Enquirer: 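Before I ask anything, here is the structure I am working with.
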Amino acid sequence: MSRPGKKRSRATLPDKEGSAAKFTKSKTQEEEESMIPAAKERNSKPVGSGTGKTTKETCPSAQGSKQAYSHWLMKSEPESRFEKGVDVKFGIEDLKAQPNQTACWDGVRNYQARNFMRDMKVGQEAFFYHSNCKEPGIAGIIKIVKEAYPDHTQFDKKDPHYDSSSTKENPKWSMVDVQFERMTKRFIPLSELKAQHQAHRASGGPLKDMTLFTRQRLSVQPLTDEEFEFVLSLEEKPS
């Protein structure tokens with residue numbers, strides 16, 4: 001469902017520590033950079049931006065046998081940032097304020113992030129990750145309530161994520177609907193996740209290959225069941 005207002009799902013700006021993100025239902029710079037130039041990939045687009053082309057339409061997960069995922073991490077910007085006069089801010093509190101606490105995750109302009117959204121199934125859970133802000137990290141849990149369908153922002157010339165190369169007959173970009181499930185018991189900062197990732201690289205722990213650190217710029221990322229459960233266990237630990 002399209003959300004009232006201008007928020008959109010975002011891909012990602014690099015977070016202060018190399019992870020990026022944005023949701024606001026527009027995408028963030030990560031994807032931005034992925035698409036920005038619509039240009040840079042034709043350039044990649046700014047998070048959430050749908051202008052121009054992106055990189056080749058390939059999905060690494062499609063090379064060889066494709067792994068099925070049931071958990072995700074989705075990035076969005078909780079602080080105001082304007083693109084073409086539109087504030088793309090959309091934090092977890094903004095989602096909670098939507099009717100039925102539900103909104104569309106639009107504005108993704110990175111092919112791999114889009115493909116991951118196309119793999120999502122109703123009922124699956126995702127971490128809502130605050131990106132491109134003073135303290136990036138995981139703020140809560142959301143669930144997928146509508147599977148992928150065409151992202152309307154790609155056709156709106158006034159939208160920051162408009163893509164003139166996409167047509168209604170053959171739309172390039174998709175979005176899903178998400179619903180707020182709950183806040184995490186505590187905010188889990190990027191710095192803590194990074195420390196765990198580094199420790200697990202040495203010990204062979206569940207976060208050793210976490211996409212948040214191996215493909216930082218993706219605004220929509222898959223999580224293995226082991227990664228999801230381990231990160232979830234961190235909310236029980238004192239900050």
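Computed from a predicted structure; not experimentally measured.
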Enquirer: Apply side-chain contact (heavy atoms from CB on, under 4.5 Å) to residues V176 and E147 and explain how you reach the verdict.
Expert: CA-CA 5 Å; V176 296; E147 293 172 14; 5.6 Å; no
Enquirer: Regarding Q221 and W72, do their side chains bring together a donor and an acceptor under 3.5 Å, going by distance alone?
Expert: no
Enquirer: Applying the 4.5 Å side-chain criterion to the ILVMFWY set and letting contacts propagate, would I138 and L234 be lumped into a single cluster?
Expert: yes
Enquirer: Give, for atom CZ of R114 and atom CG of D151, the distance between the pair rounded to the nearest 0.5 Å.
Expert: 11.5 Å
Enquirer: Name the orientation class of the two ring planes belonging to Y111 and W173 (parallel below 30°, tilted from 30 to 60°, perpendicular beyond 60°).
Expert: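 Because their plane-to-plane angle is under 30°, the rings of Y111 and W173 count as parallel.
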Enquirer: Where do E227 and M210 come nearest, in terms of heavy atoms and distance?
Expert: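 Nearest heavy atoms, E227 then M210: OE2-CA, 3.4 Å.
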Enquirer: Do W105 and F90 have ring centroids that are under 6.0 Å from one another?
Expert: no
Enquirer: Using a 4.5 Å cut-off on heavy atoms from C-beta on, say whether the side chain of T224 contacts that of E229.
Expert: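 Not touching, per the 4.5 Å side-chain cut-off.
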Enquirer: Shared ILVMFWY cluster between L207 and L232, side chains joined below 4.5 angstrom?
Expert: yes
Enquirer: If you round to the nearest 0.5 Å, how far is CZ of F213 from CG of L190?
Expert: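 One finds 5.0 Å between CG of L190 and CZ of F213.
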Enquirer: Is there a side-chain contact between V231 and L223, using heavy atoms and a 4.5 Å cut-off?
Expert: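 No - every pair of side-chain heavy atoms lies 4.5 Å or more apart.
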Enquirer: What class does the angle between the rings of H130 and F187 fall in, given that below 30° is parallel, 30 to 60° is tilted and above 60° is perpendicular?
Expert: tilted
Enquirer: Provide the closest heavy-atom pair for D119 versus Q124 in the form atom of the first, atom of the second, distance.
Expert: O-OE1, 4.4 Å
Enquirer: Between D94 and K89, does the salt bridge (charged side-chain N to carboxylate O under 4.0 Å, His left out) criterion hold? Intermediate values first, please.
Expert: CA-CA 8 Å; D94 296 299; K89 168 186 178 293; 2.8 Å; yes
Enquirer: What is the distance from atom CD of E79 to atom CD of E135, rounded to the nearest 0.5 Å?
Expert: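 Interatomic distance, E79 CD to E135 CD, rounded to 0.5 Å: 10.5 Å.
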Enquirer: Are I144 and K146 side-chain neighbours, meaning at least one heavy-atom pair lies under 4.5 Å?
Expert: no
Enquirer: Would you say the side chain of M175 lies within less than 4.5 Å of the side chain of Y149, judging by non-hydrogen atoms?
Expert: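 Contact flag for Y149/M175 side chains = yes.
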Enquirer: Could you tell me the separation between the CD atom of Q216 and the OG atom of S131, rounded to the nearest 0.5 Å?
Expert: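 Rounded to the nearest 0.5 Å, the CD-OG separation comes out at 12.0 Å.
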Enquirer: K84 and P160: which non-hydrogen atoms are nearest, and at how many Å?
Expert: CD-CA, 3.9 Å
Enquirer: Could you state the interatomic distance from CG (D159) to CG (D163), rounded to the nearest 0.5 Å?
Expert: 11.0 Å
Enquirer: Pairing donors with acceptors under 3.5 angstrom, does anything connect the side chains of Y69 and Q67?
Expert: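 Yes, Q67 and Y69 have a side-chain donor paired with an acceptor closer than 3.5 Å.
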Enquirer: Looking only at heavy atoms, what is the nearest atom pair of R186 and P189, with distance?
Expert: NH1-CD, 4.2 Å
Enquirer: Do R118 and S174 pair up side chain to side chain, a donor and an acceptor below 3.5 Å, judged on atom types alone?
Expert: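 Indeed, the side chains of R118 and S174 share at least one donor-acceptor pair under 3.5 Å.
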Enquirer: Can you confirm if the aromatic rings of F127 and H71 lie within a centre distance of less than 6.0 Å?
Expert: no
Enquirer: Is V145 close to V122 at the side-chain level, that is, under 4.5 Å between some pair of heavy atoms?
Expert: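 No, every pair of side-chain atoms sits at 4.5 Å or beyond.
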Enquirer: Output yes when R81 and E83 qualify as a salt bridge under the 4.0 Å nitrogen-oxygen rule, no when they do not.
Expert: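 Here R81 pairs with E83 in a salt bridge, since their nearest N and O are under 4.0 Å apart.
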Enquirer: Please answer whether the main-chain N or O of N170 pairs with a side-chain N or O of T167 as donor and acceptor at a distance below 3.5 Å.
Expert: yes
Enquirer: Is it true that K208 and E226 make a salt bridge, defined as a side-chain N closer than 4.0 Å to a carboxylate O?
Expert: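 Looking at K208 and E226, the cut-off is not met.
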Enquirer: Report the residues that fulfil side-chain contact (heavy atoms from CB on, under 4.5 Å) with F180, sequence neighbours left out, ordered by chain and then residue number.
Expert: I92, L95, K96, Q101, M183
Enquirer: I need the minimum non-hydrogen distance between S219 and V108, along with the two atoms involved.
Expert: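 For S219 and V108, the tightest heavy-atom pair comes out as OG-CG2, 4.3 Å.
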Enquirer: For E235 and T184, which heavy atoms make the closest approach, and how far apart are they?
Expert: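 Closest pair (atom of E235, atom of T184, distance): OE1-CA, 3.3 Å.
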Enquirer: State the NZ-CD distance between K143 and E181, to the nearest 0.5 angstrom.
Expert: 5.5 Å
Enquirer: Just checking, is any N or O donor in the side chain of K121 or S70 under 3.5 Å from an acceptor N or O on the other one?
Expert: no
Enquirer: Is there side-chain contact between V220 and M120, with at least one heavy-atom pair below 4.5 Å?
Expert: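 Yes, at least one pair of side-chain atoms sits under 4.5 Å.
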Enquirer: Measure the shortest side-chain to side-chain distance between M74 and V178 over non-hydrogen atoms and say whether it is less than 4.5 angstrom.
Expert: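 The answer is yes; the side chains approach within 4.5 Å.
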Enquirer: I want to check something: taking the side chain as every heavy atom from C-beta on, are R215 and Q112 in contact at a cut-off of under 4.5 Å?
Expert: yes
